[in-house]
Amino acid sequence: MKKFINKTDNILLESLSGFATAHSDLVSLNLDPIFLTRKQKATNKVAIISGGGSGHEPLHAGYIGYGMLDAACPGHVFTSPTPDQMLAATEAVHAGKGILFIVKNYAGDVMNFEMAAEMLPLANGLPIESATVLTSDDCAVMNSTYTTGRRGVAGTVIVEKCVGSLAETGADLPSCKALGDKVNSRTASMGVALTSCTVPAAGRPTFDIGDTELEMGVGIHGEPGRRREAMREADAIVKDVVNAILEALKPEQNSEALLLVNGFGATPLMELYLIYNTAAKLFSQHGIQISRSLVGNYTTALDMAGASITLCLLDDEIKQHWDSPVHTAALRWGK
Amino acid sequence: MKKFINKTDNILLESLSGFATAHSDLVSLNLDPIFLTRKQKATNKVAIISGGGSGHEPLHAGYIGYGMLDAACPGHVFTSPTPDQMLAATEAVHAGKGILFIVKNYAGDVMNFEMAAEMLPLANGLPIESATVLTSDDCAVMNSTYTTGRRGVAGTVIVEKCVGSLAETGADLPSCKALGDKVNSRTASMGVALTSCTVPAAGRPTFDIGDTELEMGVGIHGEPGRRREAMREADAIVKDVVNAILEALKPEQNSEALLLVNGFGATPLMELYLIYNTAAKLFSQHGIQISRSLVGNYTTALDMAGASITLCLLDDEIKQHWDSPVHTAALRWGK
Amino acid sequence: MKTSFILSAALAIHDSILNHETELESLDRAIGDGDHYINMKRGASTIVEIQAELEPLTPDAALNKIGLKLLSTIGGASGPLLASFFMGTAKVIKEKGDESVQTYAAAFAAGVDAIRQRGKADLGEKTMLDVLIPVAHQFTALAAANAGIKEICISLITTAEHGMLATKGLIATKGRAAGLGERAIGHIDPGAKSCQLMIEAVCNLFSTQ
Amino acid sequence: MKTSFILSAALAIHDSILNHETELESLDRAIGDGDHYINMKRGASTIVEIQAELEPLTPDAALNKIGLKLLSTIGGASGPLLASFFMGTAKVIKEKGDESVQTYAAAFAAGVDAIRQRGKADLGEKTMLDVLIPVAHQFTALAAANAGIKEICISLITTAEHGMLATKGLIATKGRAAGLGERAIGHIDPGAKSCQLMIEAVCNLFSTQ
Ligand SMILES: Nc1ncnc2c1ncn2[C@@H]1O[C@H](COP(=O)(O)OP(=O)(O)O)[C@@H](O)[C@H]1O
Ligand SMILES: Nc1ncnc2c1ncn2[C@@H]1O[C@H](COP(=O)(O)OP(=O)(O)O)[C@@H](O)[C@H]1O
Ligand SMILES: [Mg+2]
Ligand SMILES: [Mg+2]
Ligand SMILES: [Mg+2]
Ligand SMILES: [Mg+2]
């Protein structure tokens, strides 16, 4: 394992300190427990808090700021944060209209956020209201026999962006949750790994994969996916991913959509755009009109070489909230 | 070699097509010869054209747009573009106030742009005026006995941003060139590789590097650097890079500076921020006040794991042009 | 149960976890995300570190504090589950107040039940519950039959081992491995393994007291 | 020189480059960026592809077109340099118009001079010029002494080889390897190698005509 680290135990804190320093105009870092908030606390809005294991940067701290998150709670690498973090973040950012937790659907994240929600403190004598949007866009895992539901992956960024935009308008908690659930239900993703990631504390690759293999449907923690396959040309790989997404979303003809091609951390932009090129063509051959795009490293898996494709079916509301101004470290426009 | 590609011969075109489709609001792609321009041709300004070998994405096409480049000429992977590309781009974007070429200082780039400049067409009966800013921020290569000068690397982004901003004000060609030269002279960079990149057409790593080695001062094409070293902890590596930069720039006490930590393509953001954390501390220990920051993949070397650190000494003019609005695929603020 | 026993048990658990680094790590690498060993180690080490704080507490307060500490230390899926176990256990110990084997069995069962509720999971889903539920049943049955401590310990070690090994043949329907379908078959669940190790460590300690 | 000879020479060069893929590639990987073979192959293939366009042209026009085509095809450092060579050669062939060995030598020297000017480089800087300059001198000298074609060809092949091998001991002061300092020593310059191969290919062709 070759990484730019000092001690594996310190990687998170050192990296977050760098993040907070580099973006000191945007975010503040709290230690013990660890959470990050906007530099300027927002008022009179639903506070949006997300979080999850680290190693998916810029998710989530990179999305703190105007039009997106109010706070993020980073756990250890690939390990969900603990309730004390969410509670402290809640105290720091709640602004009178309740808390919306955006949580990727993993047992650990779900349970830790759930326990936090059960323990929320009082504000002005009343318990702070909260709701949770569980993201579950990963259609790699077929949902038939399992009861845990699909995993939350790169589509989470779209949920956070849209809900963050709506919250900025002063919308109430149920409306924010409803929009988040809607975006999630209209979003599907699937990823492909060419190499494994290496968790710093483990010091070696999470999975073994041959020089002529790929993992189809890999999770953003290097979890195994649908199947191990022979490496093929990009067009063939992308086609399978696109088909899985189409099968999951079953979009109507002439649906308008946002296409996100997401790198897992070690995939050059050149390849991501090549993937985008094929995916966009295939989707439009299936009657889908791609009117919004995002290409880059937005939900990573440490140093994994690989990429995921996400399609989000737009409607006027989602489009409006996607387009609205956002000012965070990793996503910025209109401001 | 595992990459998301179809045929190696097509990788550039397919990737550029994806780029142009994903950013169709911003850029247009011309084929035969290949160059990209802003969607909306700018008028009455110096046209800024850059270019170079591909594989450094988002450099340069990712910097086309308001406040930065008018056109970019991508060569094959790691191979400088050819003069016909620059000539065609010139015809497409010249807007009455001359052309400024921004060229990274490599023999191939210099000669190809030079030949283009010598062959510029007439406009209204007069040859189109041009000037060239050669970027040479890579202080890995010590300049003593060699006559070619330092290489241009990630600092090029800062030059393109500042010159692009000035050109937007209607400034004339000599002023734009002067600002570019000034920014370049106040900027120094050095990179470190943990792994080699793999040029798709070659199909195997450009250099061999052991599991416990790093290449200090590596070039953005995987050229060997100052020396091969034993892998060490991040702080020790960063210290050497920071010292090399300080030695190259010899900044005065209390200098204000921009700190850019640039990933080479396969380095997770978590590690880049960790590097930033150490670099920012070390620079401030040397009396440098970091007031602007940029952390991410801005000048890559395909799939190389590694990073470079760039310091640019600010003055009021540079700061103003760094801060001004920019709207490109890879850099966007204030708009 | 004395608080001093809880502290010794925590130490024994800590040592057993650290002795099984490779196994725990590779199990979670195979069907999870590879962090289970690190999570368990972080939790176990923290409890060892706060020994001095735990020492003066009553057994139930110590158990509850362990739960809270694990809750804010482990994270992941195992964090809230193990935390729920200790907090569930603490409640029964506090209520009953005695040091009978029946109380211990009831406390253990309550802890397992808390995991079950928190994780919304049950037997056969390829989780730690495949160790914990059979052990709780067996513990309750043996305690009801007034079996001796030694006998109980030997039996629970075996039950835990069977439960752990049985996860090998299962498809996961809860936790991270639920995404794997058939591919999970052939691998022991990491949480089941660490629970088996913990039960073994504590039973060995108990039977040598 | 007939245009048909130029075409045969282009083919011979193409084949020689393609036969030395591994060597050219690893030389540029060692002290450059690894693309020299690909660049040379792209250039050589393009010239072979436009044979039909070149065929009807006069030799000087064909050489000039080759130069322009290489200019827009190769890129990198070798593109403009080789392009300059052919355009420089074409000028002399056009001016002199005859088919004497002296004219060929002068044309070759003019081509090399164009490279020298474009690259602002000279002998001893570990570039293709370490092959080209000695060959140009030797060619001019032998032509002035009215040496026979066969003798000239044999001599130039040897000169090229010496020049190429000599780059091994040099520090580079031009081109991409100039960043390497002492570390460039021990490696043959890739451009020097490809020029030596091209000279050898053309000389072999010449001496068998
Ligand atoms: N819903 C659940 N109920 C009971 N146990 C669970 C549940 N989900 C996960 N587990 C247990 O947690 C273990 C994984 O723990 P760990 O690796 O620490 O967390 P994570 O899966 O978040 O990385 C699994 O092996 C399984 O035994
Ligand atoms: N200034 C120069 N003058 C003469 N030859 C040069 C010069 N710079 C580079 N070269 C030659 O070009 C060769 C490299 O060509 P190539 O690999 O195709 O281009 P690049 O270096 O741009 O990747 C070097 O080996 C050297 O012989
Ligand atoms: Mg985990
Ligand atoms: Mg090159
Ligand atoms: Mg795990
Ligand atoms: Mg080269």
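In the text below, chain A, chain B and the rest are named by the order of the sequence lines, each starting its count at 1.
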CG on A:Leu259 to OG1 on B:Thr21, rounded to 0.5 Å
10.0 Å
Just how far is it from atom OG of B:Ser291 to atom CG of A:Asp25, taken to the nearest 0.5 Å?
11.0 Å
Is it the backbone or the side chain of B:Asn297 that comes under 4.5 Å from a heavy atom of chain A, or both, or neither?
side chain
Against chain B, label A:Leu194 side chain, backbone, both or neither, depending on which of its atoms sit under 4.5 Å from a heavy atom there.
both
Is there a donor-acceptor pair closer than 3.5 Å between any side-chain N or O of A:Asp303 and the backbone N or O of B:Pro268?
no
Of the non-hydrogen atoms in A:Met270 and B:Ser15, which two are nearest, and what is the gap between them?
O-OG, 2.8 Å
From A:Glu271 CD over to B:Glu14 CD, what is the distance, rounded to the nearest 0.5 angstrom?
11.5 Å
Residue selection (most heavy-atom pairs with chain B, distance under 4.5 Å) from A:Ala22, A:Ala266, A:Pro58:
A:Ala22
Give the member of A:Val77, A:Thr267, A:Val295, A:Thr300 that has the highest number of heavy-atom pairs under 4.5 Å with chain B.
A:Thr267
Give the member of A:Ala301, A:Ser17, A:Gly55 that has the highest number of heavy-atom pairs under 4.5 Å with chain B.
A:Ser17
Residue by residue, which of residues 325-335 of chain B have a heavy atom closer than 4.5 Å to a heavy atom belonging to chain A?
B:Arg332, B:Trp333, B:Gly334, B:Lys335
What residue in B:Glu57, B:Arg232, B:Lys281, B:His56 has the most heavy-atom pairs under 4.5 Å with chain A?
B:Glu57
Does the ring centre of A:His23 sit less than 6.0 Å away from the ring centre of B:Tyr273?
yes
So, B:Asn6 side chain and A:Glu233 main chain: donor-acceptor pair closer than 3.5 Å or not?
no
Can you tell me how far the OG1 atom of A:Thr212 sits from the CE atom of B:Met1, to the nearest 0.5 Å?
13.0 Å
Counting heavy-atom pairs under 4.5 Å to chain B, which of A:Asp211, A:Ile237, A:Leu272 comes out on top?
A:Asp211
As an exercise, state the distance from CG of A:Leu16 to CG of B:Leu274, rounded to the nearest 0.5 Å.
10.0 Å
Let me confirm one number: the CG-CD1 distance from A:Asn277 to B:Ile11, rounded to the nearest 0.5 Å.
12.0 Å
Side chain, backbone, both or neither: which part of A:Ala305 has a heavy atom under 4.5 Å from chain B?
neither
Assess the residue pair B:Val192 and A:Phe4 against the criterion (side chain to side chain contact (heavy atoms under 4.5 Å, CB included)); give the C-alpha distance rounded to whole Å, side-chain angles, the decisive distance to 0.1 Å, and a yes or no.
CA-CA 10 Å; B:Val192 180; A:Phe4 292 104; 4.3 Å; yes
Which region of B:Ile275, side chain (C-beta onward) or backbone (N, CA, C, O), has a non-hydrogen atom less than 4.5 Å from a non-hydrogen atom of chain A, or is it both or neither?
side chain
Please state whether the side chain, the backbone, both or neither of B:Ala279 comes within less than 4.5 Å of a heavy atom of chain A.
neither
Find the one option among B:Ala234, B:Ala20, B:Ser54 whose heavy-atom pairs under 4.5 Å with chain A are most numerous.
B:Ala234
Using atom types as modelled and distance alone, determine if a side-chain donor or acceptor of A:Lys2 lies under 3.5 Å from a backbone N or O of B:Glu213.
yes
